[in-house]
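The structure appears right after this line, and notes come after that.
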Amino acid sequence: MIFDVAPLTITQEFLGIAPTFESELTGFALLTVLIEVPLFYLCGWRRFGDCLYFAVVNVVTNLLLNEFLSATDAEFYWQIVLPSEVVVVMLEFVLCTYRISDNRRKLLATLIFTNAASFLAGLVLI
């Protein structure tokens, strides 16, 4: 399955702990934050509060996306991934404009860039 990023299961496997669905979702969310928040910062959003808010929004949308995709029929999975990512960007934009309202065009471009980067990183890692 393809998500924003690959799960953190190496440590769990090394320790002999079988990964659970919840731990995989947590790993996806953590890796997404580790990829997207630094990019968000590098795109010019330097206030700590903005970055923290963006991280929280990212965790929420990532968990929602991965929960939705896990319930998707495998036959239609690839047809749903890209439209789902578009919905995530739109949802993140709406949530971020609530707190971060400086420059909406720049914000939208940043969200598209960060989500595309983490999506591509997920493709590479899988």
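Start at 1 with the first residue, then count along the sequence.
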Side chain to side chain contact (heavy atoms under 4.5 Å, CB included) against Leu42, all qualifying residues, sequence neighbours excluded: none

Side chain to side chain donor-acceptor pair (under 3.5 Å) against Thr61, all qualifying residues, sequence neighbours excluded: Glu92

ILVMFWY clustering at 4.5 Å (side-chain atoms), partners of Val94: none

Approximate separation, where rounding is to 0.5 Å, of Asn62 CG and Phe28 CZ: 8.5 Å

Leu95 reachable from Val87 in the ILVMFWY side-chain graph, under 4.5 Å edges: no

Spacing of CZ belonging to Arg47 relative to CG belonging to Leu52, to within rounding of 0.5 Å: 13.0 Å

Apart from Val86 itself, residues in the same hydrophobic cluster as defined by side-chain heavy atoms under 4.5 Å: Met90

Test side chain to side chain contact (heavy atoms under 4.5 Å, CB included) applied to Val59 - qualifying residues, sequence neighbours left out: Ala29, Val33, Leu63

Pair listing, ring pair (Phe, Tyr, Trp, His ring centres under 6.0 Å) test, anchored in residues 48-68, at least two apart: Phe40-Phe54

CZ/Arg46: more than 12 non-hydrogen atoms of other groups inside 6.0 Å: yes

Thr32 and Asn58: side chain donor to acceptor below 3.5 Å: no

Ile112 with Ile100, same ILVMFWY side-chain cluster at under 4.5 Å: yes

Any Leu34 side-chain heavy atom under 4.5 Å of Leu30 side chain: yes

Linked, directly or transitively: Phe93 and Tyr41 (ILVMFWY side chains, under 4.5 Å): no

Gap between atom CD of Glu85 and atom CG of Asn115 - 0.5 Å precision: 6.0 Å

Sequence-distant partners of Arg99, salt bridge (charged side-chain N to carboxylate O under 4.0 Å, His left out), two or more places apart: Asp50

Single-linkage hydrophobic cluster, 4.5 Å side-chain cutoff, Leu31 and Val56 together: no

Side chain proximity check, Val88 to Leu64, heavy atoms < 4.5 angstrom: no

Residues forming a side chain to side chain donor-acceptor pair (under 3.5 Å) with Thr110, sequence neighbours excluded: Trp45

Atom pair CG (Leu91) and SG (Cys96), whose distance is rounded to the nearest 0.5 Å: 9.0 Å

Leu39: partners by side chain to side chain contact (heavy atoms under 4.5 Å, CB included), with sequence neighbours left out: Ile35, Phe113, Thr114, Ala117

Nearest non-hydrogen partners of Ser118 and Glu36, listed with the distance: OG-OE2, 2.6 Å

